[in-house]
Amino acid sequence: MKTGMGQSFDFASRTRSAASFGQNNSVYDSTLDLHYKPFLKGDSIFIKEYRLLGGDTVHKRIEKVDYIIGSGHHTNSHMCSFNGYLYQAPITFYTQDGRWDLAPGFDNDNNSRFSRTIELECMSCHNGYPEINEEAFNNYETIARGIDCERCHGAGELHVKEKLAGKFIDTAKFIDYSIVNPAKLDKQAQMSLCQRCHLQGVSVLKEGKTFFDFKPSMNLSDIMEVFIPRYEGERENFIMASHADRLKQSNCYKSSEMTCISCHNPHKSVRLTGTNVFNAKCGKCHNSGNETCSLEINVRITTNDNNCVDCHMPSS
């Protein structure tokens, strides 16, 4: 519940939000000449859209925020429900910078105001699987509150039935096939599981497939192809949400059997994981023989608190 996945989606409230709501938090879109002001009313969040002319308000629209999407590690974005249809609000709180601004994709003259539909491709990565009204793009019959266990471990019904019936497996010696344990999958299947959501690009479904069809242990390419742009002179650039793409560009990945979960414990928040844990992961491979850090320990402690990531992983 403390991980980014567990906090990925929920009802909007002041206690759920990572945003600030002070007096100087308005966002201005110069192209449309529109101002946006987030504000609180009790525990509820609202966004006011308005236009000024000669000091007078000539346009005003106020919408209640119904859902917050994003764990708050990078952002909190906002959704409004109009008669059961979900739309993205035009402003986002960027937690790393501590500021409000236009939502991703709304900048560069692309502000669609309150009309950007939240469709299944978006919802199926940022949240547990919903039940969608198949006659509409953005109308949902049920909506989960965060990414759940089954997204990585598969359906749990058989597993629960077997345990309630007293059927237990010594997982130190054997694999419990009543549930998917990603650590027991091969490298390609492990990466497919993470890439289902942590690979941002243009996703093209295979014929007859839907975004519900991928299950843990499958190869993602059997369900969809994800196309990632590469630009001349910028081949090492990466998009914020393409974590798997970043990893695959690293020498560590190319020269070993490492996967995402070699370093990341998906059950524990990165925020609650100390630098020493990740350093130990690096040291497991890189402290063998003569493969030690070229910087003296006193220099490492002085410059970056002896944090391997600070020097060896590019920031975004």
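Values reported hereafter were calculated over all heavy atoms of this structure, with side chains retained and with hydrogens, waters and symmetry mates removed.
A salt bridge links K163 with D176: the distance from a Lys NZ or Arg NE/NH1/NH2 to an Asp or Glu carboxylate oxygen falls below 4.0 Å. Contact check on D101 versus R99 returns a salt bridge, with a Lys/Arg side-chain nitrogen under 4.0 Å from an Asp/Glu carboxylate oxygen. With respect to K60 and E49, no salt bridge is recorded, no charged nitrogen being found less than 4.0 Å from a carboxylate O. The pair K209-E207 does not meet the salt-bridge criterion, since no charged nitrogen lies less than 4.0 angstrom from a carboxylate oxygen. Looking at K161 and E157, a side-chain N of the basic residue comes within less than 4.0 Å of a carboxylate O on the acidic one, giving a salt bridge.
Sequence neighbours left out, the pairs with a member in residues 83-92 that pass side-chain hydrogen bond (donor to acceptor under 3.5 Å, both in side chains) are S77-T92, Q88-R116.
Within 6.0 Å of atom CG in N298, more than 12 heavy atoms from other residues, nucleotides or ligands are found, so the atom counts as buried in its surroundings. Around atom CZ of F82, more than 12 heavy atoms belonging to other residues, nucleotides or ligands sit under 6.0 Å away. The 12-atom threshold is exceeded at CZ of F212, counting heavy atoms of other residues, nucleotides or ligands nearer than 6.0 Å. Other residues, nucleotides and ligands place no more than 12 heavy atoms under 6.0 Å from the CD atom of E296. Counting non-hydrogen atoms of other residues, nucleotides and ligands closer than 6.0 Å to NZ of K187 gives a total above 12. Within a 6.0 Å sphere centred on CG of D97, other residues, nucleotides and ligands contribute more than 12 heavy atoms. The 12-atom threshold is not exceeded at NZ of K167, counting heavy atoms of other residues, nucleotides or ligands nearer than 6.0 Å. Within 6.0 Å of the CZ atom in F168, the count of heavy atoms belonging to other residues, nucleotides or ligands exceeds 12.
Side-chain contact between F214 and L193 is present, with at least one heavy-atom pair separated by less than 4.5 Å. Two residues are said to be in side-chain contact when any heavy atoms from C-beta on lie closer than 4.5 Å; L102 and D29 meet this criterion. Counting heavy atoms from C-beta on, the side chains of I223 and M218 come closer than 4.5 Å.
Linking Ile, Leu, Val, Met, Phe, Trp and Tyr whenever their side-chain heavy atoms come within less than 4.5 Å leaves I147 and M79 in two separate clusters. Under the 4.5 Å side-chain heavy-atom criterion for grouping Ile, Leu, Val, Met, Phe, Trp and Tyr, L120 is connected to V226 within one hydrophobic cluster. A continuous path of ILVMFWY side-chain contacts below 4.5 Å connects I47 to I68, so both sit in one hydrophobic cluster. Placement of F39 and V27 in two distinct hydrophobic clusters is found when ILVMFWY residues are connected by side-chain heavy-atom separations under 4.5 Å, directly or transitively. A continuous path of hydrophobic side-chain contacts links F21 to V65 [ILVMFWY only; heavy atoms under 4.5 Å].
Here the closest heavy-atom approach between residue S124 and residue F211 is recorded as OG-CB, 3.8 Å. Nearest heavy-atom pair, A144 versus N127, reported as atom, atom and distance to 0.1 Å: O-ND2, 2.9 Å. Of all heavy-atom pairs spanning Y94 and A103, the tightest one is OH-C, 3.6 Å. For the pair T117 and E119, the tightest heavy-atom approach, listed with the atom from each and the gap, is OG1-OE2, 2.8 Å. Across every non-hydrogen atom of K184 and T171, the tightest pair is NZ-O, 4.4 Å. Closest approach of F106 to S112, counting heavy atoms only: CE2-OG, 3.4 Å.
Here the rule is side-chain contact (heavy atoms from CB on, under 4.5 Å) with S81, and of I118, I143, L86, N139 only L86 fits it.
Between F278 and H264, the gap from one ring centroid to the other is short of 6.0 Å.
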Inset, instruction - Please assess Q200 against S242 for the test side chain to side chain donor-acceptor pair (under 3.5 Å), listing each intermediate value before the final yes or no. - result: CA-CA 5 Å; Q200 185 180 359; S242 275; 5.0 Å; no
Inset, instruction - Give the C-alpha distance, both sets of side-chain angles, the deciding distance and a yes or no for salt bridge (Lys or Arg N to Asp or Glu O under 4.0 Å) between R145 and D10. - result: CA-CA 5 Å; R145 297 176 62 186; D10 206 348; 2.7 Å; yes
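Judged purely by atom type and a 3.5 angstrom limit, R51 uses its side chain to pair as donor or acceptor with the backbone of L32. Between the side chain of T259 and the main chain of M191, no donor-acceptor pair closer than 3.5 Å is present.
Side-chain atoms of Y28 and D33 include a donor-acceptor pair closer than 3.5 Å.
Separating the CG atom in D213 from the NZ atom in K215 is a distance of 6.0 Å, to the nearest 0.5 Å.
A parallel orientation is assigned to the rings of H35 and Y50, their planes being inclined by less than 30° (bins at 30° and 60°).
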